[in-house]
Amino acid sequence: MRLRRLSTALAAAALVLLAGCTTIPSSGDVQVGLTDLEQSEQTYQFNPNGPTAGASQEDLVRAFLRAGSSSAEDYSVAREFLTPDYAKQWDPRAGVLVYEGARPYTASGDGLGVLEIDATAKVSADGTMLPVEPGPKIQLRFEFERIDNEWRIASAPSGIVLDSSTFSTIWSPFQLYFIGPDSTLVPETRWFLKRTALATEIVGALIAGPSELLRDSVHTAFPSGTTLVGSSVPIVDGRAQIDLSNEMLNAGPQDIEQVRQQLKNSLQYIDEVRGFDLLASGTPIREGSSASPEVRVPGEATNPAVISGGRFGTVVSGEFREMEGFAQGIAALHPTAVTLAPDEHAAAVQNASGISLTDANGTALLDARPGLVAPSFDIFGYVWTAQTDAPQVLAAYAPDGTAIAVAAPWLKGRSVIGIRVSPEGSRIAALVAEDGRSAVYLAGIVRDDAGVPLRTSPEANVVMWADGHPIDFDWIGTLRIGTLTKADSVAAITAGGPGYFAVEQGSVPGGLSLSGGGVRAQLRVLGENGGLFSQLTSAWQRSKGDIQLLAKRG
């Protein structure tokens with residue numbers, strides 16, 4: 001049955017929000033999917049068995065869950081385990097619940113049974129993955145009836161339930177790209193079944209738009225009401241034929257160009273697709289002359305920025321190089337935290353006086369309030385911070401020093417250690433201490449057309465859990481997040497983020513701070529005795545000493 005095993009690292013992953021025991025729950029609005037796809041064309045085919053004669057209730061439940069590995073003919077094998085009436089009601093597309101470990105079963109009366117699982121991930125109907133908070137096992141409740149003297153399931157959780165190995169064999173994460181302020185492309189990770197209908201599903205998801213969390217922060221450029229002609233995307237000689245309804249004829253040149261950029265970036269990792277043709281009711285849509293939306297994705301490694309020997313600079317191949325210009329005055333400010341602007345033309349500096357902006361024009365105090373978290377610098381030039389005792393109102397400072405109060409109601413009453421704006425500026429993450437663990441919350445940033453922040457989304461999702469008390473965290477590119485936490489007297493590093501399993505990355509003695517540096521290869525940790533650590537394969541190596549401070553970028 002099982003085609004391959006999940007790697008040890010991935011098997012240690014954790015993800016998903018869950019509530020209740022009789023259904024697989026989800027939050028927010030459910031996106032309407034494409035319901036007439038041929039689901040038998042999975043890249044990896046599982047061939048589960050149907051019910052066997054005389055099977056017990058427990059055997060029936062376990063075999064039913066295994067049958068969820070095959071979507072052939074609308075999960076026809078899985079439906080064989082259900083009563084005729086319930087087989088018509090059961091909805092396998094309600095989501096996927098991913099689990100690890102043993103699954104104890106308890107009979108609860110002649111027609112009832114409960115299966116307990118260690119849930120690690122929940123994928124909603126639109127492919128959004130969220131983490132399950134570590135804790136007690138989840139109870140799945142089943143009801144049974146006799147049909148022709150054989151037990152059949154009369155009630156079960158909606159959706160399918162898969163072990164992590166099977167799930168990662170037949171599902172994969174893909175990035176959908178939507179349009180943010182200033183025509184910025186913003187990625188959102190979604191999970192899809194590996195099958196030949198993948199291009200159709202991705203195009204359908206782009207048309208449907210971003211998830212509920214980012215609905216007010218980014219948008220899709222496809223005109224409202226757009227649908228796929230024929231409800232599928234055929235691939236001919238490696239080119240996806242994307243035929244859209246007449247609503248596309250009402251789109252302007254800039255919208256059409258943005259649609260092309262969404263498609264180009266979202267379809268690029270489908271092996272069979274080497275290009276695409278865009279049509280409206282069979283008529284080719286010509287490429288416009290408008291400028292393409294800018295893709296603000298860190299693509300090159302950036303050297304860590306540090307203070308060493310009383311000077312501010314970067315570490316290149318283990319050697320310190322002092323930065324010129326305004327940066328030469330940073331160390332004299334005696335900072336406790338430094339964040340460079342994305343273009344490196346300015347820095348936000350935190351010290352005993354508060355948070356200041358320093359650039360070629362000098363240094364100006366932005367925020368002198370007590371109890372501020374370390375600053376974050378976004379691509380629109382705003383410096384963000386918050387007070388630990390009132391984090392529900394964030395402060396964003398414009399390049400001219402103007403303060404903007406940004407509502408973040410989801411942070412009220414939480415113990416916030418830090419905040420970080422994502423590299424493309426449409427999302428904000430917060431590291432929070434919760435019941436002896438570390439949680440990373442993610443919300444959307446709502447801006448006007450000029451990039452001025454207005455508010456955050458009213459709710460936030462926990463996109464990552466890590467063991468231990470939180471110390472520090474940072475974005476690793478636009479997709480992942482790294483955390484530094486104190487667990488069992490060591491500083492542990494965990495990498496995860498929105499739509500990804502969290503994976504432990506080892507530990508660093510006396511870890512004090514962490515910097516993502518733009519891409520995963522540049523993850524750095526400041527450890528004890530001024531040691532700068534970088535990851536080499538599965539171990540952390542001390543690459544430089546005499547480091548007083550490790551700065552962040554953005």
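Under the 3.5 Å distance criterion, with hydrogens and angles disregarded, no donor-acceptor pair is assigned to the side chains of E188 and Q175. With 3.5 Å as the limit, one finds no donor-acceptor pair spanning the side chains of E504 and T494. Between the side chains of Y441 and R414, at least one donor N or O lies within less than 3.5 Å of an accepting N or O.
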Can you list, pair by pair, the side-chain donor-acceptor contacts under 3.5 Å of residues 142-149, counting residues two or more places apart and other chains?
{"residue": "E143", "atom": "OE2", "partner": "R141", "partner atom": "NH1", "Å": "2.7"}
{"residue": "R146", "atom": "NH1", "partner": "N149", "partner atom": "O", "Å": "3.0"}

>> As a quick check of understanding, evaluate side-chain contact (heavy atoms from CB on, under 4.5 Å) for V446 and T456, giving each step before the final call.
In response: CA-CA 6 Å; V446 182; T456 69; over 6 Å; no

> Is there a side-chain contact (heavy atoms from CB on, under 4.5 Å) between R455 and D216 once you walk through the steps?
Replying inline: CA-CA 10 Å; R455 64 184 186 280; D216 295 329; 4.0 Å; yes

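Taking the charged nitrogens against the carboxylate oxygens, D378 and R447 do have a contact shorter than 4.0 Å, which makes a salt bridge. Contact check on E212 versus R215 returns a salt bridge, with a Lys/Arg side-chain nitrogen under 4.0 Å from an Asp/Glu carboxylate oxygen. Under a 4.0 Å N-O distance rule, the pair D472/K552 qualifies as a salt bridge.
Heavy-atom minimum distance, M129 versus F167: CE-CE2, 3.7 Å. Residues I153 and A156 come closest through the heavy atom pair CG2-CB, 3.8 Å. The minimum heavy-atom distance linking P187 with R427 is given by the pair O-NH1, 3.7 Å. For W540 against S507, the heavy-atom pair with the smallest separation is CD1-O, 3.9 Å.
Contact annotation: the side chain of L112 never approaches that of V114 to less than 4.5 Å [non-hydrogen atoms, C-beta and beyond]. Two residues are said to be in side-chain contact when any heavy atoms from C-beta on lie closer than 4.5 Å; V123 and T128 fail this criterion. Contact check for R62 versus R103: side-chain heavy atoms found under the 4.5 Å cut-off. Side chains of T227 and V229 form no contact here, defined as non-hydrogen atoms less than 4.5 Å apart. Counting only heavy atoms from C-beta outward, the side chains of L244 and L228 approach each other to under 4.5 Å. Side-chain contact check for P51 versus E150: every heavy-atom pair is 4.5 Å or farther apart.
Checked by atom type and distance alone, the side chain of T52 never pairs as donor or acceptor with a backbone atom of A55 at under 3.5 Å. Put simply, the side chain of H469 never gets that close to the backbone of K486: no donor and acceptor are under 3.5 Å apart. Remark: the backbone N or O of G444 is paired with a side-chain donor or acceptor of S457 at under 3.5 angstrom.
Residues that satisfy the salt bridge (Lys or Arg N to Asp or Glu O under 4.0 Å) test with R79, not counting sequence neighbours, are D74. With sequence neighbours excluded, the residues forming a side-chain hydrogen bond (donor to acceptor under 3.5 Å, both in side chains) with S422 are E424, listed by chain and number. Listed by chain and number, the residues in a salt bridge (Lys or Arg N to Asp or Glu O under 4.0 Å) with R152 amount to none (sequence neighbours excluded). By the side-chain hydrogen bond (donor to acceptor under 3.5 Å, both in side chains) test, D474 pairs with R420, sequence neighbours left out. For D467, there are no salt bridge (Lys or Arg N to Asp or Glu O under 4.0 Å) partners at least two apart in sequence or on another chain.
Taking the six-membered ring where the residue is Trp, the centroids of W90 and F64 are separated by under 6.0 Å. The ring of F174 has its center no closer than 6.0 angstrom to the ring center of W191.
The environment of NZ in K137 is crowded: more than 12 heavy-atom neighbours from other residues, nucleotides or ligands sit within 6.0 Å.
The OG atom of S513 lies 4.5 Å from the CG atom of L526; values are rounded to the nearest 0.5 Å.
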